[in-house]
Amino acid sequence: ARGSDAKRMRGAAERALAPILAARAAALANAPENELRLKEDGVIWWRSSPVAELRKGPAMMRPDVVVRGLDSISPNLRGRVADRLTGFAAARIETPLAELIALKRAVDATDEGALSGNARGIAFRLVENFGAMSRTQFGDELKQLAQEDRAKLRNLGIRFGEYTLHMPSLLKPAAARLMAMLWALWSGKLLSELDVPKPGLVSFASGPDVPHAYLYALGYRPSGDRAVRIDMLERLAQQIRTARNGPDAKEGFIATSQMMSLVGCSGEEFESIL
């Protein structure tokens with residue numbers, strides 16, 4: 001419609017659509033879990049439509065939920081929809097990242113039995129770095145960590161690897177892909193511009209332009225020309241240590257197919273990891 005008819009037609013359409021939009025908003029506000037999906041790009045879908053998206057929030061594990069298309073419904077319904085989708089997003093984050101969230105609570109705790117200053121500092125840095133950091137980044141902090149504090153951190157899910165401090169629960173595919181999304185949101189990056197490995201890959205080619213912080217958030221450690229999943233790199237280090245301590249290892253060790261299978265590559269790629 002054009003001219004004077006346009007305004008009249010728009011008003012009639014809005015009156016006709018108002019109850020339909022209200023009914024849809026009410027259904028969305030009461031949507032069961034099986035009708036909602038959080039995709040890897042941070043968009044929340046309801047049935048077959050995108051209805052909201054995650055954006056950088058006040059904390060890395062607390063993204064904001066921005067709901068689409070609420071201008072034409074009442075403030076009450078608008079609030080109900082926002083609450084439902086915010087609750088859905090929080091549940092999708094809290095379940096796979098439960099140990100990282102518990103570590104954050106331990107950092108913030110002030111009650112009796114709370115972490116000591118040194119342990120709190122290590123835990124804080126791990127939380128701020130999405131649950132994984134190179135051991136070299138801690139300097140003498142780890143040497144000065146009392147056994148009691150080390151045990152507390154282990155009970156909170158931290159693994160003290162030879163090369164990396166990490167949380168094994170975050171290496172599971174669902175958690176790792178969620179961490180990648182949260183890192184991208186927090187860092188102002190588009191996940192579509194970053195390499196996200198297929199679930200189950202123990203290593204993948206990684207160029208010099210890929211941020212190391214992103215790889216750690218994914219659960220991989222930059223190693224030569226590849227990024228290697230942290231737990232596999234630690235297992236490789238253990239096998240090498242065992243081989244070097246053997247009776248025939250006077251000047252080194254022999255690389256085996258089992259070592260190569262741990263990191264999913266051989267030849268020059270394997271050499272670059274070593």
Side-chain angles (χ1 to χ4, degrees), residues 21 23-73 76-105 126-132 157 166-201 204 210-211 213-220 227 229-230:
L21 291 174
R24 289 193 179 187
L28 176 54
N30 296 296
E33 289 290 312
N34 61 0
E35 289 186 357
L36 294 168
R37 284 179 297 155
L38 174 60
K39 293 199 172 182
E40 292 173 3
D41 58 0
V43 176
I44 299 175
W45 286 64
W46 173 54
R47 296 176 182 172
S48 59
S49 301
V51 293
E53 61 183 299
L54 303 187
R55 293 184 186 170
K56 182 177 181 180
M60 69 178 199
M61 288 181 284
R62 288 177 52 204
D64 288 332
V65 178
V66 180
V67 189
R68 303 175 177 181
L70 295 185
D71 296 341
S72 301
I73 63 175
N76 178 49
L77 261 180
R78 198 177 304 156
R80 286 175 55 200
V81 169
D83 288 347
R84 177 68 186 100
L85 295 181
T86 298
F88 167 76
R92 282 293 178 272
I93 291 170
E94 289 171 2
T95 300
L97 306 187
E99 284 197 345
L100 186 60
I101 292 171
L103 185 63
K104 175 67 168 63
R105 292 197 189 103
L126 270 177
V127 170
E128 291 294 297
N129 287 276
F130 291 82
H166 65 285
M167 305 185 78
S169 66
L170 301 182
L171 303 181
K172 296 176 181 178
R177 297 176 92 76
L178 182 57
M179 293 293 281
M181 181 190 72
L182 292 176
W183 184 90
L185 288 172
W186 189 245
S187 306
K189 306 286 186 181
L190 293 176
L191 199 57
S192 58
E193 298 176 352
L194 299 166
D195 289 332
V196 180
K198 293 179 181 179
L201 273 185
F204 62 96
V210 180
Y214 166 68
L215 294 177
Y216 278 105
L218 259 179
Y220 290 76
R229 209 173 71 197
I230 290 169

Using only atom types and a distance under 3.5 Å, with no angle test, would you say the side chain of [X] pairs donor to acceptor with the backbone of [Y]?
X: R78; Y: I73; result: yes
X: R177; Y: P197; result: yes
X: R84; Y: A31; result: yes

Please round to the nearest 0.5 Å and tell me the distance separating atom [atom1] of [X] and atom [atom2] of [Y].
X: L178; Y: L218; atom1: CG; atom2: CG; result: 11.0 Å
X: W186; Y: E128; atom1: CH2; atom2: CD; result: 7.5 Å
X: S48; Y: R37; atom1: OG; atom2: CZ; result: 8.5 Å
X: N129; Y: M60; atom1: CG; atom2: CE; result: 8.5 Å

So F88 and I44, side-chain contact (heavy atoms from CB on, under 4.5 Å) or not? Walk me through it.
-> CA-CA 9 Å; F88 167 76; I44 299 175; 3.9 Å; yes
Contact check, side chains of [X] and [Y], non-hydrogen atoms, under 4.5 Å:
X: N30; Y: R80; answer: yes
X: L21; Y: L77; answer: no
X: L182; Y: L97; answer: yes
X: L38; Y: L54; answer: yes
X: E53; Y: R68; answer: yes
X: E99; Y: L103; answer: no
X: L215; Y: F204; answer: yes
X: R62; Y: I93; answer: no

Which atom names give the shortest non-hydrogen contact between [X] and [Y], and what distance separates them?
X: F130; Y: A217; result: CB-CB, 3.8 Å
X: H166; Y: A132; result: CB-CB, 4.1 Å
X: A25; Y: V81; result: O-CG2, 3.4 Å
X: W46; Y: E35; result: NE1-OE1, 2.9 Å
X: P96; Y: A91; result: CD-O, 4.5 Å
X: M167; Y: L100; result: SD-CD1, 3.8 Å

Parallel, tilted or perpendicular: rings of Y214 and W183 (30°, 60°) =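 If you compare the ring of W183 with that of Y214, the planes turn out tilted.
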So, are R92 and E33 salt-bridged, with charged N and O less than 4.0 Å apart?
-> yes
